[in-house]
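Written below as structure tokens is the structure these notes are about.
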Amino acid sequence: MGLILSINCGIGSSVGVFAENGVPIICIEEERFNRIKNSFGFPEKALSYLIDKKIVSNEIVEKVLFTNSENGIASKKAFYEYYDASFATALKNSKNETGKYFNNLLTKIRDTRLYEIYCGIRYGKAGNGSEEINKILKNFGLDTNKVLCVEHHLCHAASAYYGLARNKEDKYLVFTLDGGGDGLTSTVSKGYNSKLERQSSSDCYSIGNMYSAVTYFLGFTPHEHEYKLMGLAPYVNPKYVEKYKPFFAQFLKLKEDDTVFYNPIKLNHAKFFECLVDQFPKDRFDNISAGLQAFTEEIVCKWVKGNIKKYGINKVLCGGGVFMNVKLNKLLSELPEVEYIDVFPSCGDESNIFGAAFYTFSTTKQWSKGLLERYTLGTKPIDIETSIEKYYNKIVAKKIENANKYIAEQLAAGKIVARCSGAMEFGARALGNRSILADPRNLSSVNRINQMVKKRDFWMPFAPAMLAEKADTLIDIPDSLKQQQSPFMMFAFNAKENKRNVIPCGLHQADFTARAETVSESKYPDMHEIISNFDNLTGVPCILNTSFNLHGYPIVENADQAIDVLLNSEIDVLIVENYCLKRA
Ligand SMILES: [Fe+2]
């Protein structure tokens with residue numbers, strides 16, 4: 001058997017190459033190559049890279065997988081036009097004056113025909129997919145008869161099960177939940193003895209749809225800025241949380257012993273927007289966010305508990321965009337019913353390339369335990385000397401003996417350090433190789449990073465990366481996460497009360513939770529060495545870690561882009577492998 005090439009043409013355009021034994025070799029997202037954040041559609045530039053570098057070719061690729069059962073290429077433009085059109089429809093139908101007022105302003109985006117276009121793309125029923133994809137594959141010299149399509153929610157479930165399960169003899173309940181794919185929005189499967197068996201599914205207007213709609217309604221970008229609502233929620237007085245939560249509860253409920261979602265009334269974005277416009281004409285955005293987050297936590301926890309009770313399996317694995325919500329994951333990990341939990345890293349549609357490949361592998365080969373060891377699966381900075389030469393009059397570069405020790409010293413001295421070394425991380429979270437690092441002890445670090453480069457919303461916290469072996473001195477780790485912890489930043493934790501003043505920069509300032517990355521020596525030796533050195537210097541086994549990108553741009557991919565950010569920000573030091581770079 002040759003290599004598996006796995007492609008996601010939907011939201012979070014991505015491509016991955018997997019070995020004969022199912023292990024990922026290289027996985028990359030289109031946004032890193034076309035420099036458009038959160039790209040949709042066929043990953044043409046990323047696949048070009050793989051072909052140009054001779055990592056894949058028709059001769060060595062045995063299968064070409066797609067992450068939807070009916071092929072289609074998503075379009076970002078059509079996607080957002082669909083939201084605009086649905087919202088325009090809602091305003092048109094609105095009973096209150098605010099809706100009527102805005103409706104008059106939005107005359108250009110009332111064309112509800114766009115809704116039909118979007119549905120065609122989303123479910124691949126418009127027939128635009130296969131032919132177009134086949135044409136692209138042929139242009140890349142790939143045989144179209146190698147194409148296999150794996151159903152969307154099977155991809156999410158297979159990512160979690162075949163990627164994360166520690167032992168095939170253990171029984172797992174695998175949950176998927178998102179804004180929709182191949183006509184479904186949630187599934188529950190049993191994972192046992194290398195087989196995934198779906199037990200139930202739903203196709204209703206999901207919590208993922210509601211969350212994206214509210215994100216749009218509040219003026220943010222859907223399928224991108226949902227985390228900002230989650231970050232706002234802890235600032236809200238609980239009495240307003242309770243006031244706003246019931247609004248959402250009327251649209252989504254659970255049936256069959258709390259195991260399956262359904263909508264009491266027929267819903268789509270236009271209808272839901274209409275209810276939002278009518279109910280919240282002048283309401284505060286933080287209160288709405290907090291009500292939604294509380295409802296999300298309540299109904300998903302109830303769903304997970306209902307299924308654990310029904311199937312008597314209390315090891316839980318999760319995939320799908322809704323589980324990017326680390327505060328929800330925190331509550332799931334704290335449920336007494338949950339003995340073990342893990343969530344696939346960056347579990348939106350971008351990581352469905354893993355599920356498609358893992359599932360296909362499992363149908364032909366013996367599988368015994370999780371295939372995902374690490375997530376640094378991208379490109380490495382090469383030709384650093386060429387980049388240094390290119391920018392010779394703008395930067396000062398020097399070679400250093402021990403980059404990891406140097407970084408720790410700089411951090412302890414209060415410097416903001418950007419690191420572009422080793423293989424790039426896949427997905428939404430930078431885990432150290434494409435990261436901006438800082439001292440977590442002083443809150444001024446947050447302000448400096450925000451002013452220098454990130455320009456984040458003022459309420460959004462930064463995240464800490466801590467030594468795995470000392471993590472429980474800083475955060476409360478529930479029993480369900482004791483073994484695997486949080487190497488991919490998929491869970492939030494309560495900070496130990498006596499550490500709130502020690503690592504304030506890495507905590508949410510309202511509730512003192514931390515979206516922690518627990519760094520083990522075996523998985524991330526360089527990052528582990530940096531934090532160990534910082535610990536030796538300061539007595540704090542933790543540093544602040546945020547993704548290395550300018551506001552609004554994707555994470556940097558190569559040395560040129562890293563230098564570009566250095567020149568267009570006030571980052572103190574840039575480390576690219578064993579070179580230290582500063583502005584001239
Ligand atoms: Fe999905």
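Source: prediction; values computed, not measured. When a ligand or atom number is given, it counts from 1 through the structure's own listing order. Side chains included, hydrogens not; waters and symmetry mates left out as well; all remaining heavy atoms used.
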Exercise. Under 2.8 Å from the Fe ion (ligand 1), which protein N/O/S atoms are there?
Worked result: H152 NE2, H156 NE2, D178 OD2, D349 OD1
Exercise. Among all residues two or more places apart in sequence or in another chain, which pass the ring-ring contact (aromatic ring centres under 6.0 Å, His included) test with Y80?
Worked result: none
Exercise. Are L328 and V322 close enough that some pair of their side-chain heavy atoms sits under 4.5 Å apart?
Worked result: yes
For this session: Test I555 against every option in R32, R429, Q561, E29 by the side chain to side chain contact (heavy atoms under 4.5 Å, CB included) rule and name the one that passes.
Result: R32
Exercise. Taking only residues two or more places apart in sequence, or in another chain, which ones meet F33 in a ring-ring contact (aromatic ring centres under 6.0 Å, His included)?
Worked result: Y49
Exercise. Angle class for the F272/F248 ring planes (parallel below 30°, perpendicular above 60°, tilted otherwise)?
Worked result: tilted
Problem set entry | Residues in salt bridge (charged side-chain N to carboxylate O under 4.0 Å, His left out) contact with K228, at least two apart in sequence or another chain | D457
